[in-house]
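Data first, discussion second: the structure below is written as C-alpha cells.
In what follows, residues are counted from 1 in the order of the sequence shown.
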Amino acid sequence: GKGAPGAGKKGGPPVGPGAPKGAPPSSAGGKGAPGAVKGGKGPQPTRAEVLEWKDKKTNPLRWKRVVQDEGTFDDSLFAGVDEELVAVSALQEHFVKIVEAKVVGVVEKTVTKKPVVWEPTEKKTPEQRRQQVAIQMKAWNIDAAERFLERLHSCELLEIRNDLDFREDRFHQLVQLIADMNVSGGPDGQKVGGIEWTRIGEIGAEEQYEWDRNVEGFLRRLQNVHNFRDRIESLALQMHVEQELDAIISCAGNLQQGMDCVLRAKVVCTIFRKILSIGNRLNAGDARLNRADGFDVIQLLEASDFLQSYKGAEGWSLLRHLQSAELTDQDFESLEQLSQALQHITWRPSKEKEDEGIDPTDLGALRKRAGDIARALGQVEQWLDSEQQLLGAVPGRATTDAVRQLEEFTALIALNRQRNMKVETDLDTTEKTLTKFHRFLAHQPPKKKELVVGRSLGMVAFFVRKLVENWKSTTRRAHRRLNTAPHAASKMAAQ
C-alpha cells in the first residue's frame with residue numbers, strides 16, 4: 001500500500017518483499033527497468049516487456065493501453081501497486097497456442113491402370129477403341145444379349161432373326177466387330193490375327209485387363225459358344241441374301257414391266273411417228289438428214305433436251321408444238337396412264353457423268369449380284385453340312401434340338417436358292433426384252449452400256465411425264481380463263 005518501503009507514488013512496483021533500498025530493478029519491470037523508454041512523442045511505456053512470453057503464440061488481448069505518464073494513471077487502481085502474481089502454468093495452458101512441428105508427408109497416389117485387351121487402329125488408341133466398343137455394346141440390353149447367346153449356342157438362328165427385340169443395325173455392328181477382332185494385333189499394324197480374342201480368352205483376364213461384364217464379358221461368353229464365328233457369319237449371309245434377292249426382284253420386275261408398257265403403248269408410236277413426219281419436212285433439202293425412215297429416239301431426246309432446245313423463228317419449241325398442235329386429249333389421257341405405269345422408273349437427266357459408278361439398272365450388274373448370292377448360299381450350305389455332321393456325332397437331347405434348328409435354317413436356305421434361280425431366269429427374259437426395246441426405239445446403245453435399261457427406259461419415262469405435266473398445266477390455265485370470262489363479261493355489261 002502507500003508508504004510501504006521501497007514504494008513511491010510515481011515509482012515502479014517494488015522489486016520484491018524485503019528488497020534492499022537501492023537494489024537494481026528486476027526484469028519484472030519498474031521505473032528504470034531494462035526496456036523502459038523515455039522521450040519520444042507523448043507518454044511512453046516504462047514497464048519492462050515480459051521477454052519470456054514474447055515468442056509465445058497467443059491471441060492479443062484488445063485493450064486500450066494506459067501508460068504511467070498519462071494523467072489518468074495516477075488516479076487509477078493500477079497506480080502504486082505491487083505486481084500481482086498470476087498462475088503462469090495455467091495461463092500458458094489456457095491461452096498459449098502449442099505449435100507442433102508438423103511433418104508433412106506427401107502421399108503420392110499411385111493409380112495402377114490396368115491394360116486393355118484392345119489394339120489401336122490408325123485413328124484410335126486402345127482406350128478410345130474400348131470406349132467405342134463399350135458404346136456399341138451399350139445398345140444391347142442385358143436380357144437381349146443373354147437371349148442372343150443362348151439361341152446362338154442352341155443354333156436357333158431363325159429365332160434370333162425373328163425376335164421382336166432383334167435390331168439389324170446392332171447385329172451388323174457385332175458382325176463387323178467380330179471381323180475386326182479376327183484380324184487384330186501384330187507389330188507395326190501387321191494383322192497376324194485374333195490377338196484381342198486371345199486376350200479375352202486368357203485365364204484371369206477379368207483381373208488382368210480393364211473389364212466390363214457387358215463388354216469384354218459378353219465377348220468372352222460369345223467366344224465360348226461352339227463355332228460362333230461360322231454361326232454368326234451364316235446368319236449374316238442369310239440376311240444379306242434375303243435383302244439382295246428382294247432388291248433384285250423388285251428392280252428387275254420394275255424394268256420388265258416398264259419396257260412392256262412402252263412396247264404396248266400405241267400413243268408412243270403415234271408421237272414418234274409424228275416426229276418422223278415433222279423431221280422429214282424440217283430436214284427437206286438436207287441430203288444428209290432428209291428422207292429418213294426412222295430415227296434413234298433416245299439420241300434425239302438426249303440431243304434436243306427432250307425436244308425443248310429445237311425452236312422455230314418465234315421461239316416455239318418442238319415439244320410445245322407437239323403438245324399444242326399434234327396430240328389430242330385422248331392421246332394425253334393415254335400418256336397419263338403410261339406415266340402412272342412408269343412411276344417406279346426414277347431416272348432423271350443429270351449433268352454428272354453417267355459412266356461413274358455402277359448403274360443399278362445394268363442387267364450385267366444385276367447378274368453379278370445374283371452370282372454373288374449363289375456363292376453366299378453355297379458357303380452357308382457348306383457350313384450347314386459340316387455343322388450337322390459334327391452335331392450328329394454327339395448324342396443327347398440338346399444336340400437333337402440343335403439339329404432340328406439347323407434343318408429349319410437349311411430349308412430357308414433352299415428356298416432362297418430357288419428364288420435366286422428364278423431371278424437368274426427372269427434376268428434372261430429381261431435381257432431379251434431389252435434387246436427388243438432398243439430395236440423398237442431404233443436405238444444403238446453406247447459400248448459397255450448395252451445392258452443398261454434405266455437410261456433408255458428412263459428417258460422415255462421422263463419425256464412422257466414432261467408431256468403430261470405440260471398438258472395438265474395448260475389445261476388448268478384454260479379452265480381459269482373460262483371461269484374468269486363470264487365474270488369479266490358481266491362486269492363490262494354493268495359498266
Donor-acceptor pair, distance only, cut-off 3.5 Å: does the side chain of Arg220 make one with the backbone of Ile200? yes
State, with a plain yes or no, whether a side-chain heavy atom of Val452 is found less than 4.5 Å away from one of Leu363. no
Indicate yes or no for a side-chain donor-acceptor contact from Asn254 to the backbone of Ser250 under 3.5 Å, with no hydrogens or angles considered. yes
Can any side-chain N or O of Asn420 pair as donor or acceptor with the backbone N or O of Asn416 at less than 3.5 Å? no
Give the C-alpha distance, both sets of side-chain angles, the deciding distance and a yes or no for side-chain hydrogen bond (donor to acceptor under 3.5 Å, both in side chains) between Gln136 and Gln132. CA-CA 6 Å; Gln136 175 182 327; Gln132 179 188 30; over 6 Å; no
Please tell me if the side chains of Thr430 and Leu366 come closer than 4.5 Å, counting only heavy atoms from C-beta onward. no
Does CD belonging to Gln173 count more than 12 external heavy atoms closer than 6.0 Å? yes
Under 3.5 Å, side chain of Glu207 to main-chain N/O of Gly204, donor-acceptor pair present? no
Can you tell me if Thr429 and Gln256 form a side-chain donor-acceptor pair at under 3.5 Å? no
Parallel, tilted or perpendicular, as decided by the 30° and 60° cut-offs, for the rings of Phe171 and Phe166: tilted
How long is the gap from CG on Leu384 to CG on Leu377, to the nearest 0.5 Å? 10.5 Å
Does the salt bridge (Lys or Arg N to Asp or Glu O under 4.0 Å) test come out yes or no for Arg130 and Glu216, once each step is laid out? CA-CA 9 Å; Arg130 181 174 190 263; Glu216 291 84 2; 2.7 Å; yes
Do Ser304 side-chain atoms and Ser309 backbone N/O form a donor-acceptor pair below 3.5 Å? no
What is the minimum heavy-atom distance between Ser317 and Lys311, and which atoms define it? CA-CG, 3.9 Å
Report, as yes or no, whether the 6.0 Å neighbourhood of atom NZ on Lys266 holds more than 12 heavy atoms from other residues, nucleotides or ligands. no
Distance in Å, Asn227 CG paired with Ile232 CD1, rounded so as to fall on 0.5 Å steps: 10.5 Å
After noting the C-alpha distance and the side-chain angles of Glu159 and Asp163, does the key distance pass the side-chain contact (heavy atoms from CB on, under 4.5 Å) rule? CA-CA 6 Å; Glu159 295 297 326; Asp163 192 328; over 6 Å; no
To the nearest 0.5 Å, tell me how far Arg264 CZ sits from Met259 CE. 11.5 Å
Note: Lys472-Glu336 ion pair, threshold 4.0 Å (strictly below): yes
Distance from Leu301 atom CG to Lys466 atom NZ, nearest 0.5 Å? 12.0 Å
Smallest separation among heavy atoms of Lys113 and Glu210, with atom names: CG-OE2, 4.3 Å
Step by step, work out the salt bridge (Lys or Arg N to Asp or Glu O under 4.0 Å) result for Arg369 and Asp372. CA-CA 5 Å; Arg369 288 166 68 181; Asp372 291 340; over 6 Å; no
Charged N to carboxylate O below 4.0 Å: is that the case for Glu119 and Arg199? yes
For Asn470 and Ser473, test the side chains for any donor-to-acceptor distance below 3.5 angstrom and give the result as yes or no. no
Within a strict 4.5 Å, meaning less than it, do heavy atoms of the Arg129 and Val116 side chains meet? no
Apply salt bridge (Lys or Arg N to Asp or Glu O under 4.0 Å) to residues Asp426 and Lys422 and explain how you reach the verdict. CA-CA 6 Å; Asp426 290 345; Lys422 185 177 185 306; 3.0 Å; yes
Would you find a donor on one side and an acceptor on the other, under 3.5 Å apart, between the side chain of Arg348 and the backbone of Gly458? no
Closest non-hydrogen contact found for Asn280 with Ala292 is OD1-N, 2.7 Å
Would you please test Glu196 and Leu219 for side-chain contact (heavy atoms from CB on, under 4.5 Å) and show each step? CA-CA 10 Å; Glu196 292 169 345; Leu219 294 169; over 6 Å; no
Taking Leu177's backbone N and O only, do any of them form a donor-acceptor pair with Asp180's side chain (distance below 3.5 Å, no angle check)? no
Stepwise side-chain contact (heavy atoms from CB on, under 4.5 Å) test for Ile249 and Arg419: CA-CA 9 Å; Ile249 290 171; Arg419 290 181 71 201; 3.5 Å; yes
Does NE2 in His153 sit with more than 12 non-hydrogen atoms of other residues, nucleotides or ligands closer than 6.0 Å? no
Look up atom CG in Leu307 and atom CZ in Arg320, then write down how far apart they are to the nearest 0.5 Å. 14.5 Å
Do Phe463 and Leu319 have side-chain heavy atoms sitting under 4.5 Å apart? yes
Is the OH atom of Tyr310 crowded by more than 12 outside heavy atoms at less than 6.0 Å? no
Closest heavy-atom pair, Glu387 versus His226, reported as atoms and distance to 0.1 Å, is OE2-CD2, 3.7 Å
Are Glu168 and Arg161 within salt-bridge range, i.e. N to O under 4.0 Å? yes
Could you check if a side-chain atom of Phe272 sits within less than 4.5 angstrom of a side-chain atom of Leu276, using non-hydrogen atoms only? no
Hey, is the main chain of Lys448 close enough, under 3.5 Å, to the side chain of Glu450 for a donor-acceptor pair? yes
Below 4.5 Å, heavy atoms only, C-beta onward: do Ile373 and Val423 meet side chain to side chain? no
Check whether more than 12 heavy atoms from other residues, nucleotides or ligands sit under 6.0 Å from atom CD of Glu146, and answer yes or no. yes
Hey, could you give me each pair passing ring pair (Phe, Tyr, Trp, His ring centres under 6.0 Å) that has a residue in residues 112-147? Not counting sequence neighbours. Trp140-Phe148, Trp140-Phe218
Side chains of Leu335 and Ile271 in contact at under 4.5 Å (non-hydrogen atoms): yes
Check the pair Trp197, Leu222 against side-chain contact (heavy atoms from CB on, under 4.5 Å), reporting the backbone distance first and the verdict last. CA-CA 10 Å; Trp197 287 118; Leu222 174 63; 4.3 Å; yes
Above 12 or not: heavy atoms from other molecules or residues under 6.0 Å from CZ of Arg404? yes
Is the CG atom of Asp293 crowded by more than 12 outside heavy atoms at less than 6.0 Å? no
About how many Å separate CZ of Arg455 and CD1 of Ile298, when rounded to the nearest 0.5 Å? 7.5 Å
Would you indicate whether Gln444, at its atom CD, is surrounded by more than 12 heavy atoms from other residues, nucleotides or ligands within a distance under 6.0 Å? no
Under 3.5 Å, is there a donor-acceptor pair between the side chain of Ser334 and the main chain of Gln330? yes
Tightest non-hydrogen contact, residues Ile345 and Arg465, listed as O-NH2, 3.2 Å
Taking all atoms of both residues into account, what is the closest heavy-atom pair of Trp211 and Glu206, and its distance? CD2-CA, 3.4 Å
Under the 3.5 angstrom rule, does the side chain of Asn141 hit a backbone N or O of Ala144 as a donor-acceptor pair? yes
Test item: Ile275 and Leu300 side chains (from C-beta on) under 4.5 Å apart, heavy atoms: yes
